[in-house]
Amino acid sequence: MAEHLASIFGTEKDKVHCSFYHKIGSCRHGDRCSRRHVKPTYSQTILVSNMYKNPSLKPDCRLNDDEIQKGFEDFYEDMFLELAKYGEIEELKICDNVGDHLLGNVYVKFRLEDDAQKAVDSLNNRYYAGLPIWAELSPVTDFREACCRQYDSGECNRGGYCNFMHIRKPARSLVRDLFDGQDLTIREMRRVERERRRQRDTQQYSHSHRTPSPPPPPPQSGSRTPSPARSPRDRRTKSPDRL
């Protein structure tokens, strides 16, 4: 029985846990959902809700597609550089859905779970565009299961209200440059750390193998110990008698 429950956990066959929350870390029903949303206590992935503000959704938007894409790529670069301060990033995904539960969501998968937790703790004390940031650990581990396959092929008929992720993609050259820069930074940090460790080990080895200085020789028998030097003021000299 336990093996059966584990095999259907988070799937459509699971009548207890919400499959949408398990796959995409968000559910259109929110707290009103009839199924359980099991929030992870540790994860490599974090969700930053409603971060990206697509200007095309504003009725008075006059930007063309190229200008909107340029603004999105600036946002993507800013997010990558800021989030990379917490640890090595493996994936960064930004939703282009218009449903409230996916609108502007940013998903970041770190290499280490500790870095993801550190990012959540820090981001929840910060603001963006004058609004507080809401970040949490996400159960998403495989974005292939979370993304809409029809959208990637241009065939999704649900539009922006689809319950699966519609990922907005930046230019490949930008993504390549950001991840290449991250790799160079990590390699340089590791080189510096190795150099510091080598210097520390060298200092410890030198200290442990330092030859002690010999003790001073004992005084010879019969020799007189010189008296300490006296200041000229301490010397008593007789002045000649006056007539």
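Every value quoted in this text rests on a predicted model; they were computed, and no experiment measured them.
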### Summary
Between Ala146 and Lys23, the two heavy atoms sitting closest are CB-O, 3.3 Å
### Task
Give a yes or no on whether Asp65 atom CG has more than 12 heavy-atom contacts from other residues, nucleotides or ligands under 6.0 Å away.
no
### Task
Mark yes or no for whether Glu77, through its side chain, and Leu174, through its backbone, hold a donor-acceptor pair below 3.5 Å.
no
### Message
Keeping Glu136 on the side-chain end and Ile46 on the backbone end, is there a donor-acceptor pair under 3.5 Å?
### Response
no
### Task
For the residue pair Arg197 and Arg200, establish whether any side-chain heavy-atom pair is separated by less than 4.5 Å.
yes
### Query
How are the rings of Phe75 and Tyr128 set relative to one another: parallel (under 30°), tilted (30 to 60°) or perpendicular (over 60°)?
perpendicular
### Message
Using only atom types and a distance under 3.5 Å, with no angle test, would you say the side chain of Glu67 pairs donor to acceptor with the backbone of Asn64?
### Response
yes
### Query
Would you call Asp74 and Lys70 a salt bridge, taking side-chain N to carboxylate O under 4.0 Å as the test?
yes
### Query
Distance-only, no hydrogens or angles: does the Tyr107 side chain make a donor-acceptor pair with backbone N or O of Cys95 under 3.5 Å?
no
### Query
Do NZ/NE/NH1/NH2 and the carboxylate oxygens of Glu193 and Arg198 come within less than 4.0 Å?
no
### Task
Using a 4.5 Å cut-off on heavy atoms from C-beta on, say whether the side chain of Asp152 contacts that of Lys169.
yes
### Task
Output, in order, the C-alpha distance, side-chain angles, deciding distance and verdict of side chain to side chain donor-acceptor pair (under 3.5 Å) for Gln199 and Glu195.
CA-CA 6 Å; Gln199 293 178 356; Glu195 181 65 21; 3.2 Å; yes
### Task
Please name all residues satisfying side-chain hydrogen bond (donor to acceptor under 3.5 Å, both in side chains) with Ser122, sequence neighbours left out, ordered by chain then number.
Tyr86
Would you be so kind as to tabulate the donor-acceptor pairs closer than 3.5 Å made by side chains of residues 96-105, with sequence neighbours excluded?
{"from": "Asp96", "atom 1": "OD1", "to": "Asn54", "atom 2": "ND2", "distance (Å)": "3.0"}
{"from": "Asp96", "atom 1": "OD2", "to": "Arg168", "atom 2": "NH1", "distance (Å)": "3.0"}
{"from": "Asn97", "atom 1": "OD1", "to": "His166", "atom 2": "N", "distance (Å)": "2.9"}
{"from": "Asn97", "atom 1": "ND2", "to": "Cys162", "atom 2": "O", "distance (Å)": "3.1"}
{"from": "Asn97", "atom 1": "ND2", "to": "Phe164", "atom 2": "O", "distance (Å)": "2.9"}
{"from": "His101", "atom 1": "NE2", "to": "Asn163", "atom 2": "OD1", "distance (Å)": "3.4"}
{"from": "Asn105", "atom 1": "OD1", "to": "Asn50", "atom 2": "N", "distance (Å)": "3.0"}
{"from": "Asn105", "atom 1": "ND2", "to": "His101", "atom 2": "O", "distance (Å)": "2.9"}

### Task
Can you see which heavy atom on Cys61 is nearest to which on Ile68, and at what distance?
SG-CD1, 4.4 Å
### Task
Work out which heavy atom in Ile89 is nearest to a heavy atom in Ala84; give both atom names and the distance.
CD1-N, 3.6 Å
### Query
Are Trp134 and Met51 in one and the same hydrophobic cluster, where Ile, Leu, Val, Met, Phe, Trp and Tyr link if side-chain heavy atoms are under 4.5 Å apart?
no
### Task
Measure up the Phe72 and Tyr76 rings against each other and bin them: parallel (under 30°), tilted (30 to 60°), perpendicular (over 60°).
tilted
### Query
Would you say Ile94 and Ile167 make side-chain contact, with heavy atoms under 4.5 Å?
no
### Message
Looking only at side-chain N and O atoms, does Glu113 offer a donor or acceptor that is under 3.5 Å from a partner on Gln117?
### Response
no
### Query
Hey, is the main chain of Val140 close enough, under 3.5 Å, to the side chain of Thr45 for a donor-acceptor pair?
yes
### Query
When you measure from the side chain of Gln44 to the backbone N and O of Phe110, does any donor-acceptor pair fall under 3.5 Å?
yes
### Query
Can you tell me if CG on Asp60 sees more than 12 non-hydrogen neighbours from other groups inside 6.0 Å?
yes
### Task
Give a yes or no answer on whether the side chain of Lys109 reaches the backbone of Leu92 with a donor-acceptor pair at less than 3.5 Å.
no
## Note on the structure
Across all chains, not counting sequence neighbours, the side-chain hydrogen bond (donor to acceptor under 3.5 Å, both in side chains) partners of Asp142 are Arg144
### Message
Are Leu57 and Tyr52 connected into the same hydrophobic cluster when the rule is that any two of I, L, V, M, F, W, Y join if their side-chain heavy atoms are below 4.5 Å apart?
### Response
no
### Task
Examine distances only and state if a side-chain atom of Ser138 and a backbone atom of Gly25 form a donor-acceptor pair shorter than 3.5 Å.
no
### Message
Could you walk me through whether Asp115 and Lys118 satisfy the salt bridge (Lys or Arg N to Asp or Glu O under 4.0 Å) test, starting with their C-alpha distance in whole Å, then the side-chain angles of each, then the deciding distance to 0.1 Å, before giving a yes or no?
### Response
CA-CA 5 Å; Asp115 294 337; Lys118 183 169 55 177; 3.7 Å; yes
